[in-house]
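Heads up, the thing below is written out as structure tokens.
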Amino acid sequence: MPPSASLNYGGDAAGLICGYLLGADAAPREIDSAQAAQWLAGLQVGGAALEGKDQGQFLWLHFNLSHAQAMRWMERHADLPEAFSDALKDRSVSTRIERDDDTLIAVLNDAHFDFAFEPSDIATLWTSVAPHLMVTGRTRPLRSVDALRTAVRSGNAPCSSVALLAELMRTQASGLVDIVRGVTQRIDDVEDALLAGRLDHKRARLGVLRRLLVRLQRLLAPEPAALFRLLQHPPAWMGADDAQELRDSTEEFSVVLRDMQGLQERIKLLQEEIAASVQEANSRSLFVLTVVTVLALPINILAGLFGMNVGGVPLSDDPHGFWIIVAVVVAFTAVAGWLALRDTRER
């Protein structure tokens, strides 16, 4: 790989993965970091970016925060709120959506692009939304952002920055639905294996799935509540239609979270049933071992007594002594077996 390619891996020289100039009256236009800096400079001085037909345009910039130049470029050109810069520096992962003057700051958690149903396959997306600029940043590729990027590239782009945020949340909810379906399928497989008596390693897999759902719910559950609080006092530039889109996306998200809660309860019940099955199997094994021990007890006792190398061993000179001892052992074994199995028959 050439040195320049390795330096720009995951973004251009400024760490910009993708940038789009969007608007209601124009098709999405992909731009690089240099063009974005020029557009933002015109926006800050009130130039052509806000005149005439360009007034409804806004910019979406998506950065790779693992790139060393990403933070420097944003500080130099994007004029982002200090709270957003602090969240990026601290790598805060607590889900929240809050207002900082006229800017919305969101810290969202989402599944990795190569999600493999492991609890560690969750990463954070930091978002800043202003009337004419939406900035997102991540350290690892995320499913929702990639799906949103594909939709924008195909021309299916929202007409405002808030609508883009709402679309991102809907895409996130759609990704969660896919995760819930995948977890449901795996739980069905475990349940079928349990009914067929083939547990194997499924018990451990249930624990992994439950930890995944618990972590997802812990990270994502605050999102709807935070958004509802925000919608109580939205920024002045947020239109009623945009607020309704955010509200609708939140309702979809809440439904998915409830489904995840139901799956957790189902996994818990399956784990309890599997534990009961294992305990029952262990009890059966212990019972068989106990019966065998009880049945072998008479012959062990008599063998020990008659095997002592001392004088006066009874029946040693009797020609029928062996059969007498066999009869005694059989009688005692029958009595011991009856006593051991009596409680089982009574149950």
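All values below were derived from every heavy atom in this structure, side-chain atoms included, with hydrogens, water molecules and symmetry-related copies excluded. Nothing here was measured: the structure is a model prediction, and the numbers come from that model.
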If you round to the nearest 0.5 Å, how far is [atom2] of [Y] from [atom1] of [X]?
X      : Y      : atom1 : atom2 : value
Leu40  : Met74  : CG    : CE    : 12.0 Å
Arg72  : His77  : CZ    : NE2   : 12.5 Å
Arg181 : Asp259 : CZ    : CG    : 10.0 Å
Leu125 : Thr127 : CG    : OG1   : 4.0 Å
Asp121 : Arg215 : CG    : CZ    : 9.0 Å
Ser128 : Leu88  : OG    : CG    : 9.0 Å

Check ion pair Arg170-Glu167 (N to O, under 4.0 angstrom):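 Yes.
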Is the shortest distance from a Lys or Arg side-chain nitrogen in Asp188 or Arg266 to a carboxylate oxygen in the other one below 4.0 Å?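 Salt bridge present between Asp188 and Arg266.
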Under 3.5 Å: donor-acceptor pair, side chain of [X], backbone of [Y]:
X      : Y      : answer
Asp101 : Thr103 : no
His112 : Asp114 : no
Gln185 : Gly182 : no
His132 : Gln57  : yes
Asp146 : Leu142 : no
Glu118 : Leu209 : no
Asn109 : Leu216 : no
Ser161 : Ala130 : yes

For the pair Arg149 and His62, evaluate side chain to side chain contact (heavy atoms under 4.5 Å, CB included) and give the outcome as yes or no after the intermediate values. CA-CA 9 Å; Arg149 178 184 178 183; His62 181 53; 5.8 Å; no
I want to check something: taking the side chain as every heavy atom from C-beta on, are [X] and [Y] in contact at a cut-off of under 4.5 Å?
X      : Y      : value
Leu165 : Leu246 : yes
Asp86  : Glu82  : yes
Met134 : Leu61  : no
Leu108 : Ile97  : yes
Leu65  : Trp126 : yes
Leu133 : Val135 : yes
Ile267 : Val190 : no
Pro235 : Arg99  : yes

Please find the pair of heavy atoms, one from [X] and one from [Y], that lie closest to each other, and give the distance.
X      : Y      : answer
Pro28  : Val152 : CG-O, 3.6 Å
Ala123 : Arg140 : CB-CB, 4.4 Å
Trp73  : Ser33  : CZ2-O, 3.2 Å
Leu22  : Pro158 : CB-O, 4.5 Å

Using the rule side chain to side chain donor-acceptor pair (under 3.5 Å), only one of Asp110, Thr171, Thr136 pairs with Ser144; which is it?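 Answer to the side chain to side chain donor-acceptor pair (under 3.5 Å) test with Ser144 among Asp110, Thr171, Thr136: Asp110.
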Dump the intermediate steps for side chain to side chain contact (heavy atoms under 4.5 Å, CB included) on Val145 and Leu168, then the final yes or no. CA-CA 7 Å; Val145 179; Leu168 173 62; 4.2 Å; yes
Within 6.0 angstrom of [X] [atom1], more than 12 heavy atoms from elsewhere:
X      : atom1 : result
Arg29  : CZ    : no
Glu98  : CD    : yes
Trp323 : CH2   : no

If two hydrophobic side chains count as joined below 4.5 Å and joins carry through other members, does [X] share a cluster with [Y]?
X      : Y      : value
Leu263 : Val214 : no
Phe117 : Leu176 : yes
Val255 : Val177 : no

Any luck finding a side-chain donor-acceptor pair between Arg247 and Gln244 under 3.5 Å?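 Checked: Arg247/Gln244 side chains pair up, N/O donor to acceptor below 3.5 Å.
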Between Arg210 and Gln264, is there a side-chain donor-acceptor contact under 3.5 Å, judged purely by atom types and distance?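 No, no side-chain donor-acceptor contact under 3.5 Å.
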Aromatic contact, Phe115 with Phe113 (centres under 6.0 Å):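 They do not qualify: ring centres at least 6.0 Å apart.
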Between Tyr20 and Trp60, what is the ring plane arrangement, given parallel below 30°, perpendicular above 60°, and tilted in between?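 Answer is parallel, since the angle falls under 30°.
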Would His67 and Asp12 count as a side chain to side chain contact (heavy atoms under 4.5 Å, CB included) if you check the C-alpha gap in whole Å, the side-chain angles of each, and the deciding distance to 0.1 Å? CA-CA 9 Å; His67 199 291; Asp12 63 9; over 6 Å; no
What's the verdict on side chain to side chain contact (heavy atoms under 4.5 Å, CB included) for Leu148 and Leu164, showing C-alpha distance, side-chain angles and the deciding distance? CA-CA 9 Å; Leu148 182 62; Leu164 185 63; 3.9 Å; yes
